[in-house]
Number of protein chains: 2
Amino acid sequence: MSDPDGERTSVTRRAVDRIKAMIADGRVGPGERLPTERDLSAQFGVSRSSMREAIRTLTTLGVLEARHGAGVYVTALRPADLLETFSVLAEVSQGRTLLEVLQVRRMLEPAATALAAARASAEDLDRVGALLDRMEGGPDTPCADTVTADLGFHQAIVASTGNATLAAIHDGLSSHTFNARVWAGHREAGLTAKLREDHERIHEALVARDPDAARAAATVHVLRVERWLSADLAGSGD
Amino acid sequence: MSDPDGERTSVTRRAVDRIKAMIADGRVGPGERLPTERDLSAQFGVSRSSMREAIRTLTTLGVLEARHGAGVYVTALRPADLLETFSVLAEVSQGRTLLEVLQVRRMLEPAATALAAARASAEDLDRVGALLDRMEGGPDTPCADTVTADLGFHQAIVASTGNATLAAIHDGLSSHTFNARVWAGHREAGLTAKLREDHERIHEALVARDPDAARAAATVHVLRVERWLSADLAGSGD
DNA sequence: CATGCGAAAGTGGTCTGACCACTACACGCT
DNA sequence: AGCGTGTAGTGGTCAGACCACTTTCGCATG
């Protein structure tokens with residue numbers, strides 16, 4: 001698919017590439033069933049073990065799905081399928097990498113929020129509004145639900161751009177654990193009100209269908225989190 | 001590690017979880033070597049085949065790295081390691097999803113190019129310049145090397161932002177196959193000169209260390225490709 | 001004594017063929 | 001016609017063998 005390097009390539013690797021090629025060429029489409037492992041291994045001239053490892057690879061990548069006793073199928077190949085493995089990043093990231101992740105979000109979220117302001121349907125806005133209410137529900141003590149609502153708030157916004165790929169990537173860059181840290185940190189500093197303001201400002205821009213305002217509001221918000229993290233990391237020794 | 005669901009779980013899955021746990025518990029750290037496949041399979045009470053599939057899974061996820069004849073090692077667990085799987089997206093995407101991918105690139109690349117204009121080192125700029133020359137090497141007949149140089153050109157730019165996470169995500173959104181289609185399409189329409197202009201404009205902005213110009217040049221470029229794809233998809237039936 | 005080379009041990013990679021667990025489907029029974 | 005039930009076929013697991021490669025160590029050589 002990508003590197004036709006002259007090096008000797010492993011049997012399994014070649015099998016993976018051939019299956020990928022079958023999908024890329026349209027010989028098998030999303031949702032369709034592949035030949036059996038035994039057939040494929042015979043067809044490719046490899047052992048069933050190697051064939052299985054190739055299938056295992058593509059299963060892990062979210063391209064194939066093996067159903068015990070029924071066969072191997074190509075997934076819908078939706079971005080969400082292929083980016084599922086992606087979500088570990090935000091979870092395992094620490095320190096500098098976390099800053100890098102936020103920097104990427106600072107590039108994506110303003111643009112995405114602006115797009116959402118232009119494209120969101122009425123139902124989308126209702127959903128976003130409901131999550132905003134849920135976030136503000138409690139008094140001054142952010143609980144687990146606040147964090148979840150926060151996560152959902154941003155995800156709902158990005159989802160309402162209608163770009164599933166964008167949504168999947170954004171979700172991979174967000175994590176519940178990190179959000180919880182942000183809220184905890186802001187509560188200690190008595191700054192949860194600032195976060196609420198940010199969210200309200202974003203929501204208002206969306207409802208007003210004002211992309212520029214939405215972009216600005218999102219930028220302010222991500223920047224606030226980024227600076228907090230910066231300070232937090234510096235404080236506890238980078 | 002995550003889901004202790006009551007369902008019967010496959011042998012291989014359990015093996016995957018046990019290795020993950022070994023890493024999470026710190027029993028093996030980044031860069032360290034695991035016991036041999038034979039030892040692990042004996043220790044976990046599974047066959048070597050299943051053990052191999054478990055290792056294959058974690059290798060695919062970028063957590064482990066198998067060196068033929070030498071052993072299995074834990075990777076450095078850097079973002080680039082974990083996001084390698086990401087590249088499948090661009091490889092297997094078609095039609096609408098491809099448009100979505102480009103839309104995400106339109107958000108990332110201008111920002112990344114602007115950042116690169118501010119941050120790139122002299123060596124970074126040399127590397128980018130060399131790739132630009134290589135891209136323009138041939139006369140009017142873009143060959144495989146042109147496509148490769150194109151890919152490298154953009155990757156080098158993003159890499160020179162110093163944000164490895166950003167670079168890894170960007171690389172995942174690019175693909176040799178897609179780039180080849182773009183060049184082929186533009187050659188048919190006699191528009192390869194436009195692509196060259198775009199690249200030169202971007203390079204100039206970087207050398208001039210002008211973030212605004214860089215952002216604009218990158219936007220123009222991605223937009224051109226996006227519009228071409230739009231037309232191409234419409235032409236050959238969505 | 002230092003050095004280079006080659007044999008050997010140990011590792012991941014591949015193959016074979018068998019059996020198990022599960023699903024789907026068609027057949028026969030009610 | 002409806003419903004179990006058996007059976008063929010699928011992916012999942014196992015065992016043991018051999019191949020390809022890397023590393024290491026001892027031996028011969030300078």
Side-chain angles (χ1 to χ4, degrees), chain A residues 3 5-20 22-23 27-76 81, chain B residues 3 5-20 22-23 27-28 30-76 81 84:
Chain A
D3 73 2
D5 55 0
E7 289 180 18
R8 284 156 282 181
T9 145
S10 83
V11 172
T12 303
R13 175 84 160 79
R14 275 191 307 248
V16 169
D17 287 341
R18 289 191 62 172
I19 297 183
K20 271 196 206 167
M22 286 176 66
I23 297 173
R27 270 173 287 171
V28 288
E32 284 182 28
R33 191 185 137 171
L34 260 67
T36 70
E37 293 180 346
R38 291 164 175 88
D39 284 351
L40 282 174
S41 59
Q43 182 180 334
F44 292 176
V46 306
S47 73
R48 198 183 150 209
S49 320
S50 301
M51 197 63 244
R52 275 187 61 76
E53 290 208 19
I55 292 174
R56 159 77 56 180
T57 299
L58 292 167
T59 301
T60 305
L61 291 174
V63 173
L64 298 181
E65 178 190 6
R67 300 182 204 158
H68 193 171
V72 180
Y73 294 77
V74 180
T75 67
D81 297 327
Chain B
D3 70 2
D5 55 359
E7 291 181 15
R8 281 157 284 183
T9 145
S10 83
V11 171
T12 303
R13 174 86 161 81
R14 273 189 311 243
V16 169
D17 287 341
R18 289 191 62 169
I19 296 183
K20 270 198 205 165
M22 285 177 67
I23 297 174
R27 272 173 286 173
V28 287
E32 285 183 28
R33 190 185 139 173
L34 261 68
T36 70
E37 294 180 346
R38 291 166 176 86
D39 285 351
L40 282 174
S41 60
Q43 182 180 333
F44 293 176
V46 306
S47 74
R48 201 184 146 206
S49 317
S50 301
M51 196 64 245
R52 275 187 62 75
E53 290 207 19
I55 292 174
R56 159 80 51 183
T57 299
L58 291 167
T59 300
T60 305
L61 290 174
V63 174
L64 297 182
E65 178 191 5
R67 299 181 204 159
H68 192 171
V72 179
Y73 294 77
V74 179
T75 68
D81 298 326
E84 206 170 347

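Here the structure is a predicted model, which is why all the values come from computation and not from measurement. The basis for the numbers below is simple: all heavy atoms, side chains too, and nothing from hydrogens, waters or symmetry mates. Letters A, B, ... mirror the listed sequences (proteins, then strands); counts begin at 1.
- In terms of heavy-atom proximity, G71(A) sits nearest to R33(A) at CA-NE, 4.3 Å.
- Counting only heavy atoms from C-beta outward, the side chains of L34(A) and V74(A) approach each other to under 4.5 Å.
- Listed by first and then second residue, the side chain to side chain donor-acceptor pair (under 3.5 Å) pairs involving residues 54-65 of chain A are R56(A)-E53(B) (not counting sequence neighbours).
- For E84(B), the side chain to side chain contact (heavy atoms under 4.5 Å, CB included) test picks out no residue, with sequence neighbours left out.
- Atom CD1 in I55(A) sits about 15 Å away from atom C1' in dT13(D), given to the nearest Å.
- Listed in residue order, the members of residues 30-37 of chain A having a heavy atom less than 4.0 Å from DNA chain C come to none.
- Distance alone, capped at 3.5 Å, places no donor-acceptor pair between the T12(A) side chain and the A54(A) backbone.
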Can you pull every protein N or O that's under 3.5 Å from an N or O on nucleotides 20-24 of chain D?
residue : atom : partner : partner atom : Å
dA20(D) : N3   : H68(B)  : NE2          : 3.1
dC21(D) : OP1  : R8(A)   : NH1          : 3.2

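- Contact annotation: T12(B) side-chain N/O to dT13(D) OP1/OP2 distance is under 4.0 Å.
- Residues forming a side chain to side chain contact (heavy atoms under 4.5 Å, CB included) with A76(B) (at least two apart in sequence, or on another chain): R78(B), D81(B).
- Listed in residue order, the members of residues 40-53 of chain A having a heavy atom less than 4.0 Å from DNA chain D are R48(A), R52(A).
- Taking atom CZ on R38(A) and atom C1' on dA8(D), their separation rounds to 12 Å, with Å as the unit.
- To the nearest 0.5 Å, atom CZ of residue R52(B) and atom OG of residue S49(A) are 9.0 Å apart.
- Taking five base pairs at each end of the helix from dC1(C)-dG30(D) to dT30(C)-dA1(D) and finding the rotation axis that steps the C1' atoms of four pairs onto the next four gives two axes whose angle is 10°, to the nearest 10°.
- Remark: R18(A) pairs with F44(A) by the side chain to side chain contact (heavy atoms under 4.5 Å, CB included) rule, at least two apart or across chains.
- By the side-chain hydrogen bond (donor to acceptor under 3.5 Å, both in side chains) test, R48(B) is found to be paired with E37(B), residues two or more places apart in sequence or in another chain being considered.
- Between L40(B) and M51(B), the shortest heavy-atom contact is CB-SD, 3.7 Å.
- Applying the side-chain hydrogen bond (donor to acceptor under 3.5 Å, both in side chains) test to R27(B) and every residue at least two apart in sequence or in another chain returns D25(B).
- Using a 4.0 Å cutoff to heavy atoms of chain A, the contacted part of DNA chain C runs 5' to 3' from dT14(C) to dT23(C).
- In this structure, the side-chain hydrogen bond (donor to acceptor under 3.5 Å, both in side chains) partners of S50(B), at least two apart in sequence or on a different chain, are S47(B).
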